[in-house]
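Quick note: numbers below take in every heavy atom, side chains included, and nothing from hydrogens, waters or symmetry partners. None of the values given here were measured: they were computed from a predicted structure.
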Amino acid sequence: METRSAAKKRKLLIFYNQKDQVDDDDESEKSNRSRSIDRISDLPDAVLHHILFLLPIKTVAQTSVLSKRWRSIWSSFPDLDFTTLTRAPTKPHSSSSSKSLSQNSKETDFITQVLTLRDKHSDIRILRFGSRLSFSRLNGLIRLAIRRNVQELDVEVATEDYFNFPRCVIASDSLRIFKLKSRYPGFRLPPSSVMTSGFKSLHSLSLSRIVLYNQPSLFDMFGESAFPMLKKLSLDACFGLKYLRIGCRALEDLTLENCFQLQGLDVLGGKLERLRIVRCFDAYADKSWVKIDGPRLRIILWENNAITDSSSLDNLSSLQEASIGFFLLQEDISVAKLQSVSNLFMGLYHAHCLTLDTQCIEILSNSNYFAVYLHPFNNLKSLELHTGFNRSNVPGLACIFRSSPMLHTLTLNIINDYKIERRQWNKDLWEMSNSEEEKFWESQTQALKSFLQNLTVVKIQGFLECENEVSLAKFLLKHGKALEEMILCTGHCKARYSLQRQKIRSQMMGFSWASSNAKIAFH
């Protein structure tokens, strides 16, 4: 027979089991209600716009069918990047031309529809597209964007014929960034007076493939009073451009590329901090020149440019980093151009980091080029040299070392051109002391005294243990008073040489004639 106590316990157990069941049912109902709530749609417009910007534009457009809320999000979407939809435009007469034209037409129609049906009260922050289309359609698209107060406009097009720069962008008060690139055949600029009358709010301008045969001189277009807010300017492939003057008072970053007919360049920038000139100047011009004045200029990248007849680099006291490379013709360099090279190097003497390409080393090494004088780089702490490291390059390297008395870090990037014969190494290289290269470096000991007293790190990329490389490495290890580390990044070698290399490295690690305690590492 059940006692009172047992009956009470049984009833309590039944009660708690029923309560747990009710609680479980409540939780399940709450969970179902939670699943039915659309929390994403409740996010602010700005957050949703940011998330959608990470998706392809076609996917973003498809969200408009979800609900009225998402239609509103799409019609007010501020960042329209159609480059995920359109392919890079090609020349009109390329293969499968008709099929490409049809595809581009559909893409252009879609862009036009999106811009036309936008919420009239929603401005465009970013518009990017690339297509092959007529100038009238291009101008129409840009006009639609300008009416929507576009802030960043990035256009890459190919057209049937040359077209005129779209003037509707000039008077825009909203435009901050404008990039126009013609794949083929190019576009013409309006007169300087028209260009300088607008762009009052523009911060960044990038133009590519400009046809300037009818106005080869741009002395007034980028003057001090033009483009008052412009901070970044990039000009690429300016056909017919011979003379250019840059003096925009707010400019901080200037890039000039592929201007092969350029004969005169004048850059005056009180706020300019970065200058990049690549593949420019007419190598066959009777007289070419460059003038640069930049008291705040921190970075100069001078790459594969023809040597001008005169160079003047003034007021570069803020210079931190410079990279210099030339394009050389087979003919001998004139005395005027050698003096121009000297003047260019002289203007860089404030630099803290310097990179020189193989052409610079060749100019400084050739016995006919001793007219080139290097002003001491007393602030230079890091030096990177690209060289084939032939025997003929050795004088040029010594010249640069003499001009770098306070250098801390030296990096040699050896270009291994197998068409150039280089004296091969042998297992006794680290023991021999009478090679011509070693005699030369030993003769430079006194002239390189300051250089050797401050050099702390040496890194040689493409080290093949050839005689020229070994002689320099031995010299630096022997006389480098402050040398702490030498890193030798070896290149590829035939399997039969691997054992000999190991012997050379063992000899090198165990030598006793060095004055430094440098750590030697092979990578």
Side-chain angles (χ1 to χ4, degrees), residues 125-126 128 150-156 165 169-170 172 174-182 189 192 195-196 198-210 212 218-238 241 243-259 262 264-281 290-305 308 311-325 344 347-348 350-355:
R125 186 164 51 204
I126 298 174
R128 299 183 188 132
V150 64
Q151 295 179 34
E152 179 179 339
L153 182 57
D154 188 345
V155 180
E156 183 176 350
F165 185 86
V169 302
I170 297 176
S172 172
S174 64
L175 195 60
R176 300 292 184 270
I177 299 173
F178 182 44
K179 300 178 183 179
L180 177 59
K181 180 176 182 179
S182 171
L189 289 178
S192 296
M195 289 286 285
T196 56
F199 291 120
K200 301 304 182 183
S201 304
L202 195 66
H203 292 175
S204 178
L205 176 63
S206 178
L207 304 176
S208 180
R209 207 174 185 91
I210 315 168
L212 294 164
L218 294 183
F219 263 33
D220 303 322
M221 185 170 292
F222 300 102
E224 185 177 355
S225 60
F227 301 91
M229 303 293 288
L230 193 66
K231 294 183 177 181
K232 186 174 183 179
L233 174 63
S234 176
L235 301 176
D236 175 33
C238 300
L241 179 63
Y243 304 103
L244 176 64
R245 177 183 291 161
I246 305 290
C248 304
R249 59 175 177 261
L251 195 64
E252 297 176 359
D253 190 321
L254 172 62
T255 296
L256 191 63
E257 295 183 80
N258 302 311
C259 297
L262 189 66
L265 175 64
D266 192 347
V267 179
L268 176 60
K271 294 186 177 181
L272 190 65
E273 296 183 0
R274 183 180 184 272
L275 175 65
R276 182 170 179 259
I277 311 293
V278 182
R279 293 182 295 276
C280 290
F281 297 103
V290 58
K291 295 179 182 179
I292 299 172
D293 189 320
R296 293 190 184 180
L297 194 58
R298 297 178 61 253
I299 300 173
I300 291 182
L301 304 175
W302 193 269
E303 303 169 355
N304 294 316
N305 296 308
T308 56
S311 299
S312 175
L313 279 66
D314 300 318
N315 299 324
L316 304 187
S317 56
S318 300
L319 190 62
Q320 294 289 319
E321 179 184 340
S323 179
I324 307 298
L344 189 144
L348 303 173
H350 288 290
H352 291 230
C353 300
L354 180 63
T355 300

Shortest non-hydrogen contact between [X] and [Y], atoms and distance:
X      : Y      : result
Met221 : Ala226 : O-CB, 3.3 Å
Leu319 : Ile299 : CD1-N, 4.1 Å
Pro228 : Ala250 : O-CB, 3.5 Å
Cys259 : Leu256 : SG-CD1, 3.7 Å
Tyr243 : Leu262 : N-CD1, 4.1 Å
Arg176 : Ser201 : NH1-CB, 3.1 Å

Contact check, side chains of [X] and [Y], non-hydrogen atoms, under 4.5 Å:
X      : Y      : value
Asn305 : Val290 : no
Leu301 : Leu275 : no
Ile210 : Leu235 : yes
Arg279 : Glu257 : yes
Leu251 : Ile246 : yes
Leu207 : Phe165 : yes

When Asp253 is tested against each of Arg298, Arg276, Arg274, Lys231 for salt bridge (Lys or Arg N to Asp or Glu O under 4.0 Å), which residue passes?
Arg274
Between atom [atom1] of [X] and atom [atom2] of [Y], what is the distance when rounded to the nearest 0.5 Å?
X      : Y      : atom1 : atom2 : answer
Leu348 : Ile324 : CG    : CD1   : 4.5 Å
Gln151 : His203 : CD    : NE2   : 10.0 Å
Ser192 : Asp220 : OG    : CG    : 5.5 Å
Cys248 : Leu233 : SG    : CG    : 6.5 Å
Leu218 : Leu265 : CG    : CG    : 11.5 Å
Phe178 : Ser204 : CZ    : OG    : 11.0 Å

Ignoring hydrogens and geometry, is there a side-chain-to-backbone donor-acceptor pair from [X] to [Y] under 3.5 Å?
X      : Y      : value
Asn258 : Asp236 : no
Arg249 : Glu224 : yes
Ser174 : Val150 : yes

Not counting sequence neighbours, which residues clear ring pair (Phe, Tyr, Trp, His ring centres under 6.0 Å) with Phe227? List them please.
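Partners of Phe227 by the ring pair (Phe, Tyr, Trp, His ring centres under 6.0 Å) criterion, ordered by chain and then number, come out as Phe199, Phe222.
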Please list, chain by chain and in numerical order, all residues satisfying side-chain contact (heavy atoms from CB on, under 4.5 Å) with Asp293, sequence neighbours excluded.
Leu268, Pro295, Asp314, Asn315
Test side chain to side chain contact (heavy atoms under 4.5 Å, CB included) on Leu316 and Ile300; report intermediate values, then the result.
CA-CA 10 Å; Leu316 304 187; Ile300 291 182; 3.9 Å; yes
Apply salt bridge (charged side-chain N to carboxylate O under 4.0 Å, His left out) to Glu156 and Arg128, showing your working.
CA-CA 8 Å; Glu156 183 176 350; Arg128 299 183 188 132; over 6 Å; no
After noting the C-alpha distance and the side-chain angles of Lys291 and Asp266, does the key distance pass the salt bridge (charged side-chain N to carboxylate O under 4.0 Å, His left out) rule?
CA-CA 5 Å; Lys291 295 179 182 179; Asp266 192 347; 5.5 Å; no
Show your reasoning for whether side chain to side chain contact (heavy atoms under 4.5 Å, CB included) applies to Leu180 and Asp154.
CA-CA 6 Å; Leu180 177 59; Asp154 188 345; over 6 Å; no
